[in-house]
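Everything below concerns the one structure shown next.
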Amino acid sequence: MQQKILISRAIFPEVIAKLAQHFDVTSNQDDVLWTPSQLIEQLACKQGIFTTGGERIDAALLAACPDLRICANMAVGYNNFDLDAMTAAGVLGTNAPDVLTETTADLGFSLLMATARRLAESEHYLRAGLWTRWRYDMFIGADIHGATLGILGMGRIGQGIARRGAHGFGMKVIYHNRTRLDAATEADCKACYVSKEELLRTADHLVLVLPYSASSHHAIGAAELARMKPSATLVNIARGGIVDDAALALALRNRTIAAAGLDVFEGEPKVHPDLLTVPNIVLTPHIGSASLPTRLAMAHLAADNLIGYLVNKKALTPLNPAPAALA
Ligand code: GLV
């Protein structure tokens with residue numbers, strides 16, 4: 001009998017067509033945002049699910065869906081997966097690394113530039129018809145070239161941002177990470193390893209690129225913001241919850257730091273109301289990987305993981321040990 005899979009959100013038709021060559025596919029092309037119990041209902045008797053990063057796969061869902069064998073995330077981050085519960089239930093998780101690295105680094109650097117040079121604020125000013133004359137001190141921002149770029153979380157995307165800063169803009173790059181990079185990678189990124197304390201204290205522009213977990217929750221809160229330079233900018237392209245958004249809004253209002261650029265938010269797509277009223281911020285709706293070739297590559301990788309595992313018993317980018325029966 002043909003195996004069944006669920007595609008939980010709207011996705012490229014060609015990716016659905018590819019999956020339909022191998023599986024009995026149910027897809028949510030109407031892009032309905034299912035509640036957890038609706039998701040469980042849709043997933044009944046299916047062996048695989050294509051997720052897009054927002055669907056929570058936890059012990060309750062796994063207990064209710066005993067036929068499930070694989071969850072393939074079309075995202076590099078996988079904090080929507082309870083991997084321990086999945087391993088215990090014999091369910092494989094996969095993510096979509098590498099294919100989005102450069103596109104997401106591009107967005108990180110775009111946000112850094114827009115934030116430092118106050119692009120959103122100045123555009124709103126112009127659109128509001130307030131621009132009537134030149135002034136020497138109008139929208140004075142911070143330089144990017146030659147400044148100190150701090151990166152918290154130095155995985156593939158962090159390294160991409162470091163290379164852009166060091167090689168493209170002559171920035172001095174410092175980073176902090178759980179583990180220090182090897183010497184060759186540090187040299188390639190022209191990056192120096194420092195403590196988190198030094199990173200906060202000395203970065204002119206701080207970019208967050210670390211994964212979200214219980215240990216990175218509110219890694220940047222009021223205390224950390226208070227250690228940054230008043231002229232510093234902060235960019236978060238990692239995950240909501242790494243920054244305490246309420247504390248950030250207050251720090252921006254009080255000019256504890258100069259400006260922030262956020263692509264991710266605590267509880268997104270809701271945005272903390274105070275962030276919407278501070279002027280010194282650039283806000284984008286989680287578009288880090290949003291270029292057509294990259295989103296297509298991510299979707300194909302998630303599809304190839306489903307096909308690889310359910311048809312050929314080998315996933316391309318597994319996150320947890322494959323259950324023994326299939327290994
Ligand atoms: C996007 O946020 C991703 O994790 O791919």
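Whatever order the structure lists ligands and atoms in, that order sets their numbers, starting from 1.
Checked for salt-bridge contact, E268 and R239 miss the test: no charged N lies under 4.0 Å from a carboxylate O. In this structure, R180 pairs ionically with E186, as a charged nitrogen and a carboxylate oxygen lie closer than 4.0 Å. Ion pairing between a basic and an acidic side chain is recognised when a charged N comes within 4.0 Å of a carboxylate O; K18 and D304 show such pairing.
Residue A238 places no N or O, backbone or side chain, under 3.5 Å from any N or O of ligand 1. For ligand 1, one of its N or O atoms has an N or O atom of G77 under 3.5 Å away. Ligand 1 has a nitrogen or oxygen under 3.5 angstrom from a nitrogen or oxygen of R239.
Interface of H286 with ligand 1, defined as ligand atoms under 4.0 Å from a residue heavy atom, comprises 1 (C), 2 (O). Atoms of ligand 1 found under 4.0 Å from any heavy atom of L100 (numbered from 1 in listed order, with element): 5 (O).
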### Task
Determine, step by step, whether D106 and R164 satisfy the salt bridge (Lys or Arg N to Asp or Glu O under 4.0 Å) criterion, reporting the C-alpha distance in whole Å, the side-chain angles of both residues, the deciding distance to 0.1 Å, and the verdict.
CA-CA 8 Å; D106 282 348; R164 281 162 179 74; 2.9 Å; yes
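Placement of M171 and L107 within a single hydrophobic cluster is found when ILVMFWY residues are connected by side-chain heavy-atom separations under 4.5 Å, directly or transitively.
Counting only non-hydrogen atoms, the option in V76, T294, I237 that gets closest to atom 3 (C) of ligand 1 is V76.
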